[in-house]
Amino acid sequence: MPNPLKYNKKFDELNEEEKKLLEINKKTIADFVEQSSSISDVNYATRNAHAKTYAVAKGTFWIEPDIPESLHPFFDKEKFDLTIRFSNAQLKIKNSKKDIPAYGFAVQIKDENSGLLANYPLVNFPLFPVSSVSTFLKLFTAINRIYMKQWSSLFSMFVQLIKTLPSLLTGDMLRNMLMLIGKRNDFILSFDYYSVGAYRLGDQIIKIKLSPQSVDKNTGRKQKIKDSLTNYLQTHDFTADVMIQICYDLKDQPVNKLNVEWKNSPFIKIGEVRINQDSLLDSRNCTNELLSFNPFESKMFFQPVGKIQKLRDEAYKISLQTRRKINKLLHGKNS
């Protein structure tokens, strides 16, 4: 294989128009979170994405003994402690039996002193449907406003949706959407989970895939997702392979084009995520509900790479800041 491409901060830089649109979007995020308790009919302020928590659990990241030598500085222990949050991507919490199959598997990795090493919010779809930062910001701003019943934003949302069509019509997007439709009723733990965007691993740039071992896709078909997941984790151990791809060439492994899969970069297994039976935490506990999985809180050499990823930094910050403010007013807690 050729030498890995080195990280450059230019991959993350927004232009002036994108910066202005981001400021507008941050305002709508704050407004949405301030109204989120009434939007979702709950007694706390929610996230502005992946609002619905299914479960929170403790886990362990076991490192492969024969990982490439270049990775040894980052994984110098046999195992690392994890906190894992399972969620649904919708902005609004709905008490329904079947949610849209857009699931989150957010992982928080800690060192031996319980200090944060890295946050990885993984999802069960490997691609992102919007390549243009400006289009994404305008679309997300319009969606936030519609949830707040600002119906004048409907036209803007439809315009931006039309602009996303070329990004949606790539072969990789269409193939993965068809696969997701075919798996729409499958058990949440039977899906593969992906970083979608790229991350640093020192000076290297990687993508991450988590692939479960031996999970029956038909588990809990007649139950609510939350019930099937908690029942499974109370009675079964769970193991998933952790694999990475390395960026060697922007043509085959583009950093800022998230609607195509990386090619000519084989997956390398670096370890396993394991959740032992009955390792669930109380997801209704305020501390667990307000856990932050902001990947920009990770150590510098584990942080996200790319322009779409950069947007997450500001979005996570304003969302968490507003949630803490509102929940302190509602419950007298700063968490």
Side-chain angles (χ1 to χ4, degrees), residues 47 50 52-65 67 71-89 103-124 187-197 199-201 206-215 226 229-230 232-244 267-304 312 316 320 335:
R47 294 166 170 83
H50 284 269
K52 186 172 187 175
T53 301
Y54 291 129
V56 179
K58 288 290 185 185
T60 308
F61 180 23
W62 289 87
I63 305 302
E64 284 289 285
I67 59 171
L71 304 183
H72 287 177
F74 309 106
F75 306 109
D76 57 349
K77 303 285 189 300
E78 180 184 33
K79 62 180 181 177
F80 296 87
D81 291 334
L82 305 177
T83 301
I84 301 165
R85 177 181 183 258
F86 303 94
S87 62
N88 189 276
Y103 304 130
F105 190 117
V107 179
Q108 189 174 87
I109 306 176
K110 297 180 180 179
D111 62 22
E112 65 273 16
N113 299 315
S114 297
L116 177 66
L117 288 175
N119 286 321
Y120 293 112
L122 311 177
V123 294
N124 67 324
F187 181 47
I188 183 172
L189 288 182
S190 69
F191 285 87
D192 291 338
Y193 287 85
Y194 307 86
S195 62
V196 183
Y199 285 81
R200 292 182 62 180
L201 189 58
I206 65 167
K207 282 193 174 184
I208 303 165
K209 177 181 177 180
L210 189 148
S211 188
Q213 298 179 7
S214 306
V215 177
K226 182 181 178 74
L229 176 61
T230 53
Y232 185 92
L233 292 175
Q234 285 170 347
T235 56
H236 295 76
D237 295 334
F238 171 80
T239 303
D241 295 333
V242 180
M243 296 176 284
I244 63 170
F267 281 102
I268 303 168
K269 182 177 176 179
I270 62 169
E272 294 180 349
V273 166
R274 299 178 191 170
I275 305 174
N276 291 333
Q277 177 181 323
D278 210 17
S279 294
L280 286 169
L281 302 174
D282 183 2
S283 62
R284 297 168 297 180
N285 180 283
C286 193
T287 301
N288 291 328
E289 174 56 35
L290 291 168
L291 283 169
S292 171
F293 290 90
N294 180 357
F296 284 89
E297 294 173 355
S298 304
K299 299 293 186 185
M300 187 62 68
F301 43 82
F302 292 134
Q303 290 205 358
R312 292 172 115 177
Y316 274 103
L320 182 62
S335 58

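Heavy atoms only: backbone and side chains are in, while hydrogens, waters and symmetry mates are out.
Taking the side chain as every heavy atom from C-beta outward, Pro121 and Pro295 approach each other to under 4.5 Å. Put simply, the side chain of Phe86 reaches to within 4.5 Å of the side chain of Leu189, judged on heavy atoms. Leu281 is listed as a side-chain neighbour of Lys58, based on a closest heavy-atom distance under 4.5 Å. Counting only heavy atoms from C-beta outward, the side chains of Val107 and Phe61 never approach each other to under 4.5 Å. In this structure, Phe80 and Ile63 have side chains that are in contact, with non-hydrogen atoms separated by less than 4.5 Å. Looking at Leu210 and Tyr120, their side chains never come closer than 4.5 Å, going by heavy atoms from C-beta outward. Looking at Met300 and Arg200, their side chains come closer than 4.5 Å, going by heavy atoms from C-beta outward. Contact check for Asn88 versus Tyr103: side-chain heavy atoms found under the 4.5 Å cut-off.
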Stepwise side chain to side chain contact (heavy atoms under 4.5 Å, CB included) test for Lys79 and Arg274: CA-CA 10 Å; Lys79 62 180 181 177; Arg274 299 178 191 170; over 6 Å; no
Residue pair Phe302, Leu116: steps toward the side chain to side chain contact (heavy atoms under 4.5 Å, CB included) verdict: CA-CA 11 Å; Phe302 292 134; Leu116 177 66; over 6 Å; no
Trace of the side chain to side chain contact (heavy atoms under 4.5 Å, CB included) decision for Gln303 with Tyr199: CA-CA 6 Å; Gln303 290 205 358; Tyr199 285 81; over 6 Å; no
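Residues Leu280 and Gln234 approach most closely at CD1-CG, 3.7 Å, considering heavy atoms. The shortest heavy-atom contact between Lys207 and Ser195 is CA-OG, 3.7 Å. Residues Asn294 and Phe296 share a closest heavy-atom pair of OD1-N, 2.9 Å.
For the atom pair Thr60 OG1 and Ile109 CD1, the distance stands at 11.5 Å (nearest 0.5 Å). Taking NZ from Lys110 and CG from Leu82, the interatomic distance works out to 10.0 Å, rounded to the nearest 0.5 Å. The line from OG of Ser211 to CD of Glu272 is 11.0 Å long, rounded to the nearest 0.5 Å. For the atom pair Asp237 CG and Tyr232 OH, the distance stands at 8.5 Å (nearest 0.5 Å). Atom CD in Glu78 sits 11.5 Å away from atom CD in Glu64 (nearest 0.5 Å). The CG atom of Leu229 lies 5.5 Å from the CZ atom of Phe187; values are rounded to the nearest 0.5 Å.
A side chain to side chain contact (heavy atoms under 4.5 Å, CB included) with Ile84 is found for exactly one of Leu233, Ile275, Leu122, namely Ile275.
Annotation: Phe191 is not in aromatic contact with Phe105 [ring centroid separation under 6.0 Å not met].
For Lys269, the NZ atom counts as densely surrounded, since its 6.0 Å shell holds more than 12 non-hydrogen atoms of other residues, nucleotides or ligands.
Between the side chain of Thr53 and the main chain of Ala55, no donor-acceptor pair closer than 3.5 Å is present. In this structure, Asn113 contributes its side chain and Gly115 its backbone to no donor-acceptor pair below 3.5 Å. Checking side-chain atoms of Lys209 against main-chain N and O of Tyr194 turns up no donor-acceptor pair under 3.5 Å.
Between the side chains of Asn119 and Ser298, no donor N or O sits under 3.5 Å from an acceptor N or O.
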